[in-house]
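Below, each value reflects all heavy atoms present in this structure, side chains not excepted, and no hydrogens, waters or symmetry copies. Note that this is a predicted model, so its numbers are computed, not measured.
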Amino acid sequence: MAHEISPIGTRAAVTDTRNASIGDLRRILERDQDSKIDMVAPASAISAADGNIVVTGLPPVITADGVTIADGTYRPTVVADEGISDKLKIPLTYVRRTRAEAVDLYDRNINGWLERDPSRRFLLRAFKGEPGVLRAWLSDSYKRLDHLDILTAVLLGVRESGHPVKITGADLTERRMIVRVESEDVAALAPELLRGYRSPFTGQSGEDLPLVSAGFVLTNSEVGEGKYKLTPRIVAQVCGNGMTITKDAFGKVHLGARMDAGIIEFSEDTQEKNLALITAQTRDAVATFMNREYVERKLSDIQREAGRKITRPVETVELVAKQLRFTDSVRDSVFGHFIEGGQTTAGGILQAVTATAQTLSDADAAHELETQALTAMAIAAAA
């Protein structure tokens, strides 16, 4: 369910939200939209003071809602500090250490590198406030594709496709938006994939419900953490485990022409063109992914490796964890789900990884883990 909005200036406009309804997600995004401010600023207009980023000298913009002023103090998020590290070539471990232990060094390093190239420009994405929140420090050629616009266009594309679907969950973090779409109307038998499997959530057997549903996952980042994507996803009905097929994703990189300095206000025409493109891509994605032949073809590929027997589960899970850089807690959870699932095959590793993803409270970590599930199965099959 959705979490509460936190005050502007404390951390970000919204706390991490896990498994929200689509209605909750839309309400959060609409509330956030009014607090956003995007500005392209030269290095000469940016400085660091007491661990904050200070913007001075940018011209205000007059809109229908009044005068918007960019100048002010902004508290960087973890993501913004990562952007500062990347764009100013300051090692991230050093940025984090100086913020935690010696904020005067944090300020001096940032100011020193900004002063070396005062004409260089950056896109700063922030929430207004006293102080505001700096949520991203990006290249001035970064193309803005906001969550609310993307979500609106995708839902419109789904509606225009005429295909019955349901939203099975939505996550919102400082890094990205993740929305899962499923169609139980497009189902396929997967007896080989689910043979011998027992859901750790319901105890139901895969033989009793050997069906998978078609679906896709929408992801978008407003802060430089990846492009907008529609990725096909196959869901096991017995447990809700989702398998994302990343190589077939539709996507668009957040890269455009360099922008003039000042506050960014996109024209209505530009926004409409973005919406129209994303709506059309969604219709294409629904037609491609919500198709029984597509699902059966992908299942055939998956099931070729899924039946490989795992004779040394401890060593196999350890190998998968090492190659995919799982944390110790994720590795242990995967092993536990593998034993509980009762499926001693490479497909059992796949199920264990996707089941673990469902249990993680960190939405970014859960999404990343699910995208690794098919790779985990391939590693296990080859072991």
Side-chain angles (χ1 to χ4, degrees), residues 5-14 29-88 90 95 98-99 103-148 174 222-224 254 256-268 270-271:
I5 304 294
S6 60
I8 297 296
T10 57
R11 175 174 170 274
V14 62
L29 295 178
E30 287 173 347
R31 185 165 176 175
D32 278 359
Q33 201 70 16
D34 293 335
S35 300
K36 289 178 180 176
I37 182 168
D38 295 335
M39 62 203 101
V40 172
S44 58
I46 308 170
S47 61
D50 298 323
N52 295 319
I53 298 300
V54 181
V55 178
T56 55
L58 290 187
V61 171
I62 300 175
T63 68
D65 299 322
V67 177
T68 301
I69 298 174
D71 286 3
T73 300
Y74 299 90
R75 185 71 176 172
T77 63
V78 169
V79 177
D81 270 347
E82 291 169 3
I84 290 169
S85 165
D86 178 58
K87 294 297 177 284
L88 299 184
I90 306 172
V95 170
T98 55
R99 173 171 291 289
V103 74
D104 59 319
L105 293 179
Y106 176 92
D107 295 342
R108 278 156 49 189
N109 274 271
I110 291 174
N111 291 334
W113 288 110
L114 289 172
E115 288 165 4
R116 283 175 174 264
D117 191 359
S119 62
R120 185 182 178 192
R121 298 186 304 180
F122 305 95
L123 169 61
L124 307 183
R125 306 207 74 183
F127 288 117
K128 304 169 192 173
E130 294 295 336
V133 175
L134 179 64
R135 59 199 190 103
W137 181 303
L138 301 160
S139 161
D140 67 342
S141 61
Y142 185 85
K143 183 177 181 180
R144 191 183 76 173
L145 291 174
D146 279 352
H147 294 331
L148 185 58
E174 288 184 351
E222 298 183 337
V223 295
H254 290 257
R258 295 190 180 277
M259 297 171 280
D260 294 332
I263 300 170
I264 300 171
E265 296 287 345
F266 283 110
S267 70
E268 186 174 333
T270 298
Q271 297 288 42

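Annotation: Asp117, atom CG; neighbour count of heavy atoms from other residues, nucleotides and ligands within 6.0 Å is above 12.
Here the side chains of Thr77 and Leu134 are not in contact, with every heavy-atom distance at 4.5 Å or above.
Contact check on Arg99 versus Asp107 returns no salt bridge, with no Lys/Arg side-chain nitrogen under 4.0 Å from an Asp/Glu carboxylate oxygen. For Arg120 and Asp140, the salt-bridge test fails: no basic side-chain N is under 4.0 Å from an acidic carboxylate O.
Checking side-chain atoms of Ser35 against main-chain N and O of Phe127 turns up no donor-acceptor pair under 3.5 Å. Within the 3.5 Å criterion, the main-chain N or O of Glu222 finds a donor-acceptor partner in the side chain of Arg125. A distance-only check finds no donor-acceptor pair linking the side chain of Tyr106 to the backbone of Val95 [under 3.5 Å]. Judged by distance alone, with hydrogens and angles left aside, the side-chain atoms of Asp71 form a donor-acceptor pair with the main-chain N or O of Leu58 at under 3.5 Å.
In this structure, NE2 in His147 is found 7.0 Å from CG in Leu29, a value given to the nearest 0.5 Å. Atom-to-atom distance recorded for Ser47:OG and Ile53:CD1 is 7.5 Å, nearest 0.5 angstrom. Atom-to-atom distance recorded for Arg116:CZ and Leu88:CG is 12.0 Å, nearest 0.5 angstrom. With rounding to the nearest 0.5 angstrom, the CG atom of Asp38 is 6.5 Å from the CG atom of Asp146. Rounding to the nearest 0.5 Å gives a distance of 11.0 Å between CG of Leu138 and CD1 of Ile84.
Closest approach of Gly224 and Tyr142 over heavy atoms only: N-OH, 3.2 Å. Contact record, Leu148 with Glu30: CD2-CG, 3.9 Å, taken as the closest heavy-atom pair. The shortest heavy-atom contact between Pro42 and Ser119 is CB-O, 4.5 Å. When all heavy atoms are compared, the tightest approach of Ala80 to Ala136 is CB-N, 4.0 Å. The two atoms that bring Pro76 and Tyr74 nearest to each other are CD-O, 3.4 Å, heavy atoms only.
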request  = Any chance you could lay out the side-chain contact (heavy atoms from CB on, under 4.5 Å) test for Leu124 and Val55, step after step, and finish with the verdict?
outcome  = CA-CA 10 Å; Leu124 307 183; Val55 178; 3.8 Å; yes
inquiry  = For Phe122 and Ile46: C-alpha separation, side-chain torsions, deciding distance, then whether side-chain contact (heavy atoms from CB on, under 4.5 Å) applies.
reply    = CA-CA 9 Å; Phe122 305 95; Ile46 308 170; 4.0 Å; yes
query = Going through the checks in order, is the side-chain contact (heavy atoms from CB on, under 4.5 Å) test met by Trp113 and Ile90?
reply = CA-CA 9 Å; Trp113 288 110; Ile90 306 172; 3.8 Å; yes
request  = Might you work through the side-chain contact (heavy atoms from CB on, under 4.5 Å) test for Leu123 and Met39, ending with a clear yes or no?
outcome  = CA-CA 6 Å; Leu123 169 61; Met39 62 203 101; 6.0 Å; no
task = Apply salt bridge (charged side-chain N to carboxylate O under 4.0 Å, His left out) to Asp34 and Lys36, showing your working.
result = CA-CA 6 Å; Asp34 293 335; Lys36 289 178 180 176; over 6 Å; no
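Among residues two or more places apart in sequence or in another chain, the salt bridge (Lys or Arg N to Asp or Glu O under 4.0 Å) test is passed with Arg108 by Asp104.
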